[in-house]
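Have a look at the structure below, then the notes.
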Amino acid sequence: MKRKFLGKIQQLCTGLILAQACLGNNALAEKSVADSIVMFDFENSFDLALTETDDAKVSLIEYKGSNQLLLETGLRSGSPGVTIKKGRGSWDLNPYYHVKMDITNMGEHPARIIFKVGDPADGMEAWQMEIRFDIAPGETKTVSDDIATTPWRFTESLNLLAMRAAPGQAKTDLSEIDEVKVTINYPANKHKLLIDNIRATNPIRWVSNEGFLPFVDQFGQYKHAHWPGKTLSIDDLKQQAIEEDRELAAIPGPEDFNQYGGWKTGPQLEATGFFRTQKYNGAWWLVDPEGRLFWSHGVGVVHPGTAITGTTDREDYFEWLPAKDSEFGKFYGTAGRASHGYYSTLAQRDTYNFTASNLYKKYGENWKQEFDRMAHSRLRSWGMNTLAVASDRQLCEAGITPYTETVWVFGTRKIEASKGYWGKFHDVFDPSFRSQVKKALQGREHAVNDPWCLGFFIENELSWGTEGSLAIAALESPADQPAKLEFVKDLKAKYDSINALNKVWGTKHKSWQALIKSTTAPSLAKAKDDILAFYKKIVETYFSTVHNELEAIAPNALYLGCRLAWANSDIVIKMAAKYTDVISMNKYQYNVTNVGLPEGVDKPIMIGEFHFGSLDRGALHLGIVEAFSQSERADLYTKYVESALLNPYIVGTHWFQYGEQPPTGRGDGENYNVGLVDLADKPFPEMIDSVRDMGYRMYNFRDNASKNGLLVQPKMPEKLDFIQEVEDMHNRSN
């Protein structure tokens, strides 16, 4: 608790330093506002009619001397909870930095909560107005939702572009907030929560924007803040390289690693010359080419381009951008339309690569060779053994560190009415799907029979939606949609006539052709069996097609799946288990103790992404899962990996990502504190201490747990016979 408190103070101090830097002699008189305003305290006969529930019920109870809202949630929704409305009028929350809430878990199970302020129409703004947190049984917490990006705001907006979090901004229009929302994130159990004292607090400090631009220094770092380890000169870069070489020479890596990072002093199993999987002493493991147990302790995006950022329409953000005909001109580039944010509106944008630029300043002309050398040396010294998703190809081909091959499938026809954060879902019944999978696998000869290749990730974070959703989308799509035609073909085979279908579905289609032309979905309750059957067919066709094409080109390679994200139905997981060697999941949460598989499924799991971030080292956005400081970030890393090692299904964890994202954002605006190394290629020392500690003891830790009955079996969630339908499941980011 003390560490969290100190971390929060450090964040606030960083914000104050930044604000002072912006103020100069232009400080404005502070607006006179109350310290806090009460939004909901549930006293004075609070009207429950102001609440809207989803698979939940609410009541008022007296607890510890005050009236509180008791929220009891069910399992029939993917997002059960309550929306609490103001009733009349709205609040202007522009004067405040936080909305706080007191919450108590009165149930028997840990809960993952989403607390959301307001209801912005823009999906990204809506996500930014949320916080996610865990709460243990019997625990009471006060949680704070930041409704502005910094504890200070500009009196006149600068309209800073293409960043998930831009300094001095409100996260949405705060002038007319009239609701808050508390939901359970994809529950495995029913929950009882007490909610009280929801208030806006921590008055914003208003500052002039004069002198703020440019706000990025020559190294791509945030200019208006200072923190331990910030790079201030090229000499800093060069000296850090010298000191780190000494450290890596003194700590070259775990003595119990073999050349692949497998457990050299552990049991000898069958060696096949390639990576494979095996269950050993009640736990799943990978087995390396030499037949040694292998647990994949890795990091993704090990690449000298993690701080590529857009410059188009933002040239004045940077205090230094070199002339394009200078020696640094080679670090300019161009990029196409981004998936989200401002740069999704431009077909092309100019970029600058601060990662490579800084490496050039640090190492000179041989910067890429030095990057590769240091990356391999660092990972070995840190007790890591895997170059995970989207890492540099030349780095992977070196035959020094095992790697995962990453394959993206583009150019397919999509199910027109499907939805997804990264785009619509493939129409797997269109011939383009198989042909584009085959095309995507071409040119991977380097990985096909490479013993250093751990396996293939094919695609990432596909939007499977809720059970049945893709089948519904097929029905809502145009008449020439191949998936729709396939669905109708199956229905014709099952039903003697359109009238027979109408009787079951409660529809009034005059003919099969009328059904094909219709874009209206039937009642889920009445058509459930057919919808689920075709949803299953879509999912199975996807995995079987990819499996068969990969098997044809790389029969010795592990199929590591598609890195499932968000919530995934049993249908998706069972089909993944049928066709993949390892089920990969991106799990942005505080632990993975209860990450398991449906009943009857026994397969290894790979954690493809996780991270924690804080705002105490110049970052503008902490990322997906919050830490209060770099020290807590490191502690959370240890707890997460330990929970994975104790989970008998999990065969590895891959941190996302190696290098810090730039404060001005990557193409889609992400500017998260996610790196193991910062923008100037300096490792975050607290993080590296934890990573190294886990890497050096992970094999003995897991083996001891296996031998002594300390493995923690994931608790099976309660299952009901229903279709979960949650719009957010299609649209939210991680």
Side-chain angles (χ1 to χ4, degrees), residues 216-223 227-253 298-309 311 318-333 351-382 384 387-388 390-401 403 617-618 655 657-664 666 674-685 687-688 691-692:
V216 175
D217 69 15
Q218 66 160 315
F219 304 107
Q221 302 170 121
Y222 201 80
K223 176 181 176 181
W227 58 88
K230 183 177 184 180
T231 294
L232 302 177
S233 66
I234 295 175
D235 185 69
D236 271 0
L237 288 175
K238 294 180 179 295
Q239 184 61 35
Q240 186 272 331
I242 294 169
E243 293 172 358
E244 189 176 7
D245 268 336
R246 292 172 184 154
E247 177 189 301
L248 296 178
I251 314 174
V299 57
V301 201
V302 187
H303 194 284
T306 48
I308 293 175
T309 192
T311 58
F318 307 93
E319 72 171 11
W320 176 83
L321 284 176
K324 291 189 176 181
D325 60 356
S326 72
E327 62 177 317
F328 289 93
K330 55 193 168 189
F331 302 117
Y332 281 104
T351 64
Y352 191 75
N353 185 348
F354 279 99
T355 306
S357 175
N358 289 335
L359 290 166
Y360 180 73
K361 292 173 182 177
K362 186 175 186 177
Y363 295 118
E365 291 293 341
N366 292 327
W367 67 268
K368 180 56 169 66
Q369 294 92 317
E370 287 298 295
F371 171 83
D372 289 2
R373 177 184 71 84
M374 287 297 293
H376 288 301
S377 296
R378 282 172 170 172
L379 265 61
R380 189 73 174 197
S381 174
W382 298 347
M384 301 188 105
L387 295 161
S391 290
D392 179 72
R393 180 165 174 171
Q394 185 177 349
L395 195 65
C396 293
E397 290 180 1
I400 298 173
T401 305
Y403 64 95
R617 298 282 167 85
W655 176 267
Q657 58 184 29
Y658 180 76
E660 190 82 336
Q661 293 178 337
T664 43
R666 66 182 195 183
V674 297
L676 295 181
V677 303
D678 68 15
L679 291 156
D681 194 47
K682 288 184 178 179
F684 288 96
M687 279 296 299
I688 300 312
V691 171
R692 186 177 271 141

(request) Tell me, please, whether Phe219 has Lys361 positioned over its six-membered ring: NZ or CZ under 6.0 Å from the ring centre and within 45 degrees of its axis? (result) yes
Can you confirm whether [X] sits close enough to [Y] that some side-chain heavy atom of one is under 4.5 Å from a side-chain heavy atom of the other?
X	Y	result
Arg692	Ile251	yes
Leu676	Met384	yes
Arg617	Asp678	no

Looking only at heavy atoms, what is the nearest atom pair of [X] and [Y], with distance?
X	Y	result
Ala680	Asn358	CA-ND2, 3.9 Å
Gly220	Leu679	O-CD1, 3.4 Å
Ser377	Leu248	CB-CD1, 3.9 Å
Glu244	Trp382	OE2-CZ2, 4.5 Å
Phe684	Gly675	CD1-O, 3.3 Å
Pro322	Ser326	CB-OG, 3.6 Å

(message) Does this structure show an ion pair linking Asp681 with Lys362, if we count only N-O contacts that are shorter than 4.0 Å?
(response)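 Salt bridge flag = yes for Lys362 with Asp681.
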(request) May I ask you to say whether Lys238 pairs ionically with Glu370, meaning some side-chain N is under 4.0 Å from a carboxylate O? (result)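 Not counted as a salt bridge, because no side-chain N and carboxylate O are separated by less than 4.0 Å.
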Counting N and O atoms only, with roles assigned by atom type, does the side chain of [X] sit under 3.5 Å from a partner on the main chain of [Y], one being a donor and the other an acceptor?
X	Y	value
Asn353	Ala356	yes
Thr355	Pro304	no
His376	Leu395	yes

Roughly how far, to the nearest 0.5 Å, is [atom2] of [Y] from [atom1] of [X]?
X	Y	atom1	atom2	result
Asp236	Lys682	CG	NZ	4.5 Å
Glu247	Asp245	CD	CG	10.0 Å
Ile308	Arg666	CD1	CZ	11.5 Å
Tyr222	Thr664	OH	OG1	11.0 Å
Arg393	Tyr403	CZ	OH	8.5 Å
Gln218	Lys223	CD	NZ	11.5 Å

(message) As a quick check of understanding, evaluate side chain to side chain contact (heavy atoms under 4.5 Å, CB included) for Lys368 and Asp392, giving each step before the final call.
(response) CA-CA 11 Å; Lys368 180 56 169 66; Asp392 179 72; 3.0 Å; yes
(message) Using the side chain to side chain contact (heavy atoms under 4.5 Å, CB included) definition, which of the options Arg378, Glu660, Met374 pairs with Val677?
(response) Arg378
(message) Among Leu379, Val674, Leu387, which residue satisfies the side chain to side chain contact (heavy atoms under 4.5 Å, CB included) criterion with Tyr658?
(response) Leu379
(message) Just by distance, no angles: are the side chains of Thr401 and Arg380 close enough, under 3.5 Å, to form a donor-acceptor pair?
(response) no
(message) Does the plane of the ring in Phe328 sit parallel, tilted or perpendicular to the ring in Phe331? Use 30° and 60° as the thresholds.
(response)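 Aromatic pair Phe328/Phe331 classed tilted.
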